[in-house]
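Only a predicted model underlies this, so the values are computations on that prediction, with no experimental measurement involved.
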Amino acid sequence: MGLVVLAVGLMVLANIANAGRLQVQGTNFVKDGKRVFLSGGNQAWIAYGYDFGDNNYEYRKTEFEKYLKLVNENGGNSIRVWIHIEGVISPHFDSNGYVTGLDGKGTFIAEFKEYLARAQHYNILIFPCLWNGALKQQHKHLAELIQDTSKLQSYIDKALIPWVQAVKDEPALGGWDIMNEFEGEIIPNTHSNEPCFDTTFLLNSGAGWAGATYSAHELLRFVNWQADAIMRTDPEALMTAGSWNARDNTDRLNTHNLYSDNCLRKAGGRQRGILNFYSSHSYAWGGKYDEYSPFKHNFSDYGLTKPFVIAEFNQVSGEGMDITEQFQWAYDNGYAGAWTWHLHADGSNTDSTANQLRGMKYMKDKNDQSKGGLVAITL
Ligand SMILES: *[C@@H]1O[C@H](CO)[C@@H](O)[C@H](O)[C@H]1NC(C)=O
């Protein structure tokens with residue numbers, strides 16, 4: 001009897017231990033006392049901009065589940081997925097450009113929770129990425145949220161906070177990425193006495209490729225306000241914003257970290273609106289990684305005090321490295337994770353799904369606590 005009680009007690013304890021959330025500890029992720037390496041891929045989309053909201057998930061879920069299963073079978077533990085992109089079906093706007101909800105039909109939260117439930121079944125952490133700055137916008141809604149703070153506040157109150165509230169206790173919720181590559185829309189070469197808003201160091205960097213439209217001040221405020229709303233709603237949330245290149249994600253290498261706590265607070269004034277991990281993307285152009293690439297540096301070279309994930313990379317633009325070598329590099333050189341581009345494998349510059357899964361499979365059994373950490377986590 002006593003033994004049974006003890007055994008049941010131990011099982012309960014074991015369950016509690018497994019239920020721990022992924023957290024930041026110094027420059028690493030930890031879960032249940034173990035250092036964790038985020039190994040996985042970008043499920044950027046199934047149908048670009050039409051995956052969640054207004055019942056669209058109903059028509060995408062077979063595909064989403066196919067990839068969850070494949071990533072799980074090949075030992076991946078995490079996926080980054082793009083949600084609003086530029087706000088065509090989610091969030092929902094009124095005719096004046098104010099947000100009235102996550103979508104028009106009111107199904108968004110149920111759709112996203114269904115995806116998280118399936119991800120939990122497959123032991124995969126989901127990192128929703130809210131907006132996309134890497135492609136020239138076709139619609140005015142996102143522009144207005146970036147430039148008009150009363151509209152941004154309507155998004156926060158009517159969409160973002162209810163969403164976070166609804167999913168914050170879901171075991172498969174990994175963390176939030178506010179915006180993909182805002183540098184696509186940043187105005188380079190703006191002089192400012194405030195280093196956080198001075199973009200002269202981005203002249204001729206390629207930044208602004210998707211229409212140089214917004215100041216660093218506007219983009220950083222956009223990130224700061226949303227990050228603050230999420231952190232106030234869920235103080236344990238993990239928070240990032242994916243930079244297009246590490247060159248504006250570090251103060252070393254003769255460049256400037258626009259994503260620092262100081263810059264985000266300076267831009268938006270909201271104290272809790274900071275990131276607790278950094279993430280950046282890296283592709284070789286013309287067969288070469290640039291001098292800022294994480295595949296040319298170890299983590300310590302960047303002088304950062306938070307975990308750093310290589311949140312987009314692939315072999316096809318990998319300077320000849322095999323995908324297993326890229327994963328191994330990230331694991332051995334202090335990075336906290338690596339996500340391949342991209343699982344649905346459509347469009348240019350992507351590895352095949354099979355090649356990405358080969359990389360994940362190579363990582364599957366890793367658990368070196370003095371290097372990247374554990375890959376096979378249990379949610
Ligand atoms: C990182 O690389 C630099 C050279 O770029 C080297 O001096 C340093 O020892 C390395 N640090 C670690 C922790 O490997």
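Within the 3.5 Å criterion, the main-chain N or O of Q25 finds no donor-acceptor partner in the side chain of R35. Proximity of a side-chain donor or acceptor of R265 to a complementary backbone N or O of Q271 within less than 3.5 Å is detected. A donor-acceptor contact shorter than 3.5 Å is absent between the side chain of E86 and the backbone of L142. Between the side chain of H217 and the backbone N or O of A267, at least one donor-acceptor pair lies under 3.5 Å. Remark: side-chain polar atoms of W244 are not paired, donor with acceptor, to backbone N or O of F182 under 3.5 angstrom. For D261 (side chain) and I274 (main-chain N/O), no donor-acceptor pair under 3.5 Å exists by modelled atom type. Between the side chain of D103 and the backbone N or O of D54 there is at least one donor-acceptor pair closer than 3.5 Å. Between the side chain of K151 and the main chain of N96, a donor-acceptor pair closer than 3.5 Å is present. Between the side chain of H84 and the main chain of S90, a donor-acceptor pair closer than 3.5 Å is present. Between the side chain of K31 and the main chain of T378, a donor-acceptor pair closer than 3.5 Å is present.
Within 6.0 Å of CD in E73 there are more than 12 heavy atoms belonging to other residues, nucleotides or ligands. By the neighbour-count criterion of 12 heavy atoms within 6.0 Å, atom NZ of K361 is sparsely surrounded, having that number or fewer from other residues, nucleotides or ligands.
Partner Y155 forms a ring pair (Phe, Tyr, Trp, His ring centres under 6.0 Å) with one of Y98, F93, W131 and no other, that one being W131. Screening W82, F64, W163, Y59 for a ring pair (Phe, Tyr, Trp, His ring centres under 6.0 Å) with F52, the sole residue that qualifies is F64.
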Pair up each side-chain donor or acceptor in residues 307-319 with any protein partner under 3.5 Å, not counting sequence neighbours, and list the distances.
{"from": "E312", "atom 1": "OE1", "to": "Y283", "atom 2": "OH", "distance (Å)": "2.7"}
{"from": "E312", "atom 1": "OE2", "to": "R80", "atom 2": "NH1", "distance (Å)": "2.9"}
{"from": "N314", "atom 1": "OD1", "to": "S317", "atom 2": "N", "distance (Å)": "3.0"}
{"from": "N314", "atom 1": "ND2", "to": "N349", "atom 2": "O", "distance (Å)": "2.9"}
{"from": "Q315", "atom 1": "OE1", "to": "I323", "atom 2": "N", "distance (Å)": "2.9"}
{"from": "Q315", "atom 1": "OE1", "to": "N355", "atom 2": "ND2", "distance (Å)": "3.0"}
{"from": "Q315", "atom 1": "OE1", "to": "R358", "atom 2": "NH2", "distance (Å)": "3.1"}
{"from": "S317", "atom 1": "OG", "to": "N349", "atom 2": "OD1", "distance (Å)": "2.4"}
{"from": "E319", "atom 1": "OE1", "to": "K296", "atom 2": "NZ", "distance (Å)": "2.9"}
{"from": "E319", "atom 1": "OE2", "to": "Y289", "atom 2": "N", "distance (Å)": "2.7"}
{"from": "E319", "atom 1": "OE2", "to": "K296", "atom 2": "NZ", "distance (Å)": "3.4"}

(message) I'd like to know whether R21 forms a salt bridge (Lys or Arg N to Asp or Glu O under 4.0 Å) with D234, so could you lay out the CA-CA distance, the side-chain angles of the two residues, the decisive distance to 0.1 Å, and finally the verdict.
(response) CA-CA 12 Å; R21 276 179 91 167; D234 179 12; 2.8 Å; yes
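Because its NZ or CZ atom is not both nearer than 6.0 Å to the ring centre of Y115 and within 45° of the ring axis, K61 does not count as a cation-pi partner of that residue.
Remark: aromatic rings of Y302 and Y292 are distant, center separation not under 6.0 Å. Between F127 and W339, the gap from one ring centroid to the other is short of 6.0 Å.
In this structure, H342 and H344 have perpendicular ring planes: the angle between them is above 60°, well past the 30° mark.
Under a 4.5 Å side-chain heavy-atom criterion applied to ILVMFWY residues, the cluster that includes V88 comprises Y50, I89 as well.
Pairs passing the disulfide bond (SG atoms under 2.5 Å apart) check and including a residue from residues 137-226, sequence neighbours excluded, read C196-C263.
Using a 3.5 Å distance cut-off with no hydrogens or angles, the side chains of N257 and D251 do not pair a donor with an acceptor. Defined by atom type and a distance below 3.5 Å, a donor-acceptor pair is missing between the side-chain atoms of T200 and H191.
One distance of note links CG of N28 with CZ of F277; it measures 13.5 Å at 0.5 Å rounding.
The pair R272-D228 fails the salt-bridge criterion, with no side-chain N (NZ, NE, NH1 or NH2) lying under 4.0 Å from an Asp/Glu carboxylate O.
Closest heavy-atom contact between E183 and S243: OE2-CB, 3.4 Å.
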